[in-house]
Every structure is written in C-alpha cells, then in structure tokens.
Amino acid sequence: MTPQRKTGGAKKSTTSKAVVSVRLYRRIAVTFIILTAFLFVFILYLSFSKASIIIETDHEIVSLDFSVNIEKEPSSEGAIQGEVASVIIQGEFEEETTGTVEEKEGVARGVVTILNKTSNNQVLIKTTRLLTSDDKLFRLDEEVTVPAGGKVEARIYANEAGEDGVVGPALFTIPGLWEGLQDKIYAESVESTSISAEEIKVVSQEDLNRVSNKLRNQLLEQGKEELELTILGDWSGQEFTSEIIEEEFDVETGEQAESLNLYMELRIVGILYDKDELRNIAKNKLEESISSDVELTKIDYEKMRVDITRYDLSVENAGLKIFINGDTVLKSSSQIFDKNRLVGMDKQTVIDYFKDFDSIKSVTIELKPFWLKRIPELRDHIEIRIKR
C-alpha cells in the first residue's frame, strides 16, 4: 500500500510542472508578438511619416549709401576716373508778377434806376453827374438812353474814392439837365453803394523765387550744351550743378509792378564718369552689406541717386554720394531652413518659428499620416519647399 502511494504522488508532480511550462511559454510568445507588433508599427511610422513644409518668402529692400571720388588720374582708394569741367553763363529773364494786394481806398459803386417822365427819349453820356440830396457826387459808368415815359438801370460810381461814396438808397438829381427837367428826369437807388476792394499787382517773394528758378534752369541747360564742346572723354555718367555768381532783380519784394526782370550770371559744373564702373562698385558694396543668409535678386540702378558733395576745379576732382536700393531674398541654403532645428517640433511651434522672420510671408505644413502632430524625427522625411 505504501509504495503505491509514493508512485501515485510522483506522477501528479510531473503533470503540474508541465502545465506551468506551457503557460510560461504562452506568455513569452504573446509578449513577443506584442513587442513585434509595436516594433512593426514603429517601423511603419518611421517609414511612412512625412512632413512637407511650404514656405513663401518675400523680398526685402536693402538700402545703401556710400561716397566715391571722381579723379582725372585716380590715386585714392575707391576713386574712379572722370572729368570735372565748368563754364560761366549769363542771361536775363522777364515775367509778369502774380502777387496782389487789396486797395483799401477804393471807389464806391452801385446801380440806380433812371426815370424819364417826359414825352421824349433822353440820352445820358458816360460820366454824367448824379447828385444826392446831401451833395455827394456820382457819375454814370456807361452811356444810356432813357425812353420817354420809361426807365432804365445804369451803373454809377462815386466821384472820389473813400467811404464818403457809400450811401444808402437815395434820390439823385441830374444837375447837367435844364433845371425844369430835373424833377422829371432823375435817378433813384434801391440798394446802397459799396466799395469793392480792388487788387493791384505787387512783387512777391514767390515771384522772385519762381523767376530765379526758371532762369537758372534755362542757363543750366545752355551750360550743359557748352560743356559738351569742352569735354575730352566719352562718359556715360554725367552730373551737373550750378553756382550763382550774380543775381540782380529790377524790383524788390512788395513793390508795385506788372512785371519783373532778372539778370543772372551762373557757373555750371559738370562731373563726368563711367556709369558702368560706378554701378559695379555699387553692386559690390551692396553684396558686402548683406548677410550670408540672403542673396541679391535685383539692383535698382534706374532709381540710383547721385548727389554732388564737393568739387575742386583747380585739381579737377569731385566727390559723389550714391544712394541705391536692392532686393534680397532668403537663400535655400540659409541656416533658417536647417532641418535639424525642426525635427520633433509640433506643427504650431514650427509655424511660429518661421513667422519670426520678416522675409517669410506664409508657412503651410502637411503631415502624413494625417494623425501626426509633430515633425518626423528623421530629417530625410522632412521636405522644405520655398516659393518666391
């Protein structure tokens, strides 16, 4: 009996160990499958995740000013060869004045109705006298014919300037007529006479400035033509300035005059140089002034401004100040577009990053698969397209 129990107990222990081993292997297998699945999904994520970043850039204007010397035989750094020549021109100019002032002591004027209570027409010549009851004298401003038994309107003016000529509605006799007709042919007014301030021409400062500028421009053009006869080289760049040696008006500001006359003596100075050489200098200086992240796309030579800052006729050299603009855009190779800066960022952070640059107008980001919220960790899966 005892040996049989021992044998039976040994068989039960072996079965239990087998069951445990199966469960353990099953768990290991399941864990392996899950890990494999996660690894497969991760590999799919790495393989198919992609970010397309479309960036629209805008050009930026860069402005620059610099100085350059024009020398007959260039010896200073940055100087270019050229000529400095001059000529003296004289001329006169006359023009009407436009300044006006009001004449305060004007002549009172008005309108009257002349009545004729006779059976004959009555002609009254211009300047016929009309007299008010308080002896204020007026005259007709025009010739009129007053029909028999009728009336006519006529313009009148005071015989003397000033406020005494202002009268209210009044009755006027015509002292030049026969006394027996004065109560039958007379005038009356409905409205008061008044003084209309008259304007007289005077010389204004604007007149002097306008005439001076006109004559100066005329002499400048004449001087340019004369300088062309003295210039030795064939220069594509030309700048001119003028200096007034003498200027004399025949009238002064505030003086009453219908016209004014000006005499002027002018020195015209021409600075001649090679325009292409100056443009090359401007291009090089613009390129030196911009950062390595941008490149020049256009130089606005047409609007390049050249000012004369000095000239010395004795040694035939001059100084010019150049003002020029150019357009720049971001280079595709700019560090701004370094993909290493973007990996792992969320979409909005990338947009905010690019919006910090003035040269970037807009940013559009497309992520694949659609549920992705961040830029892929692999830079090879990031595509940056730049639109200009």
Notebook entry, point to check: Any idea which heavy atoms bring L272 and W235 closest together, and the distance?
Noted result: CB-CD1, 3.4 Å

Margin query: A quick test of your reading: do over 12 heavy atoms of other residues, nucleotides or ligands sit less than 6.0 Å from CD of E252?
Written below: no

Note to self: Does Q205, at its CD atom, have more than 12 non-hydrogen atoms belonging to other residues, nucleotides or ligands within less than 6.0 Å?
What the structure shows: yes

[X] side chain vs [Y] backbone, donor-acceptor pair below 3.5 Å:
{"X": "T297", "Y": "D327", "result": "yes"}
{"X": "D207", "Y": "T97", "result": "no"}
{"X": "S242", "Y": "I268", "result": "no"}
{"X": "R374", "Y": "G344", "result": "yes"}

Using the side chain to side chain contact (heavy atoms under 4.5 Å, CB included) definition, which of the options [options] pairs with [X]?
{"X": "F337", "options": "D293, L342, I384", "answer": "I384"}
{"X": "V144", "options": "I125, I114, T128", "answer": "I114"}
{"X": "I185", "options": "L115, T118, T173, N120", "answer": "T118"}

Next item on the list: Return the set of residues passing salt bridge (charged side-chain N to carboxylate O under 4.0 Å, His left out) with E92 (not counting sequence neighbours), or none when no residue passes.
Entry: none

Margin query: Please evaluate residues D300 and M304 with respect to the criterion side chain to side chain contact (heavy atoms under 4.5 Å, CB included), reporting the C-alpha separation (whole Å), side-chain torsions for both, the decisive distance (0.1 Å), and the verdict.
Written below: CA-CA 6 Å; D300 199 350; M304 182 174 73; over 6 Å; no

Note to self: Taking V87 as the starting point, is it possible to reach I308 by hopping between hydrophobic residues whose side chains are less than 4.5 Å apart?
What the structure shows: no

Check: Centroid-to-centroid, F172 to Y186, below 6.0 Å?
Finding: no

Note to self: Looking only at the side chains, is there a donor atom on one of S362 and E56 sitting less than 3.5 Å from an acceptor on the other?
What the structure shows: yes

Checklist line | K321 and D307 ion-paired at < 4.0 Å | finding: no

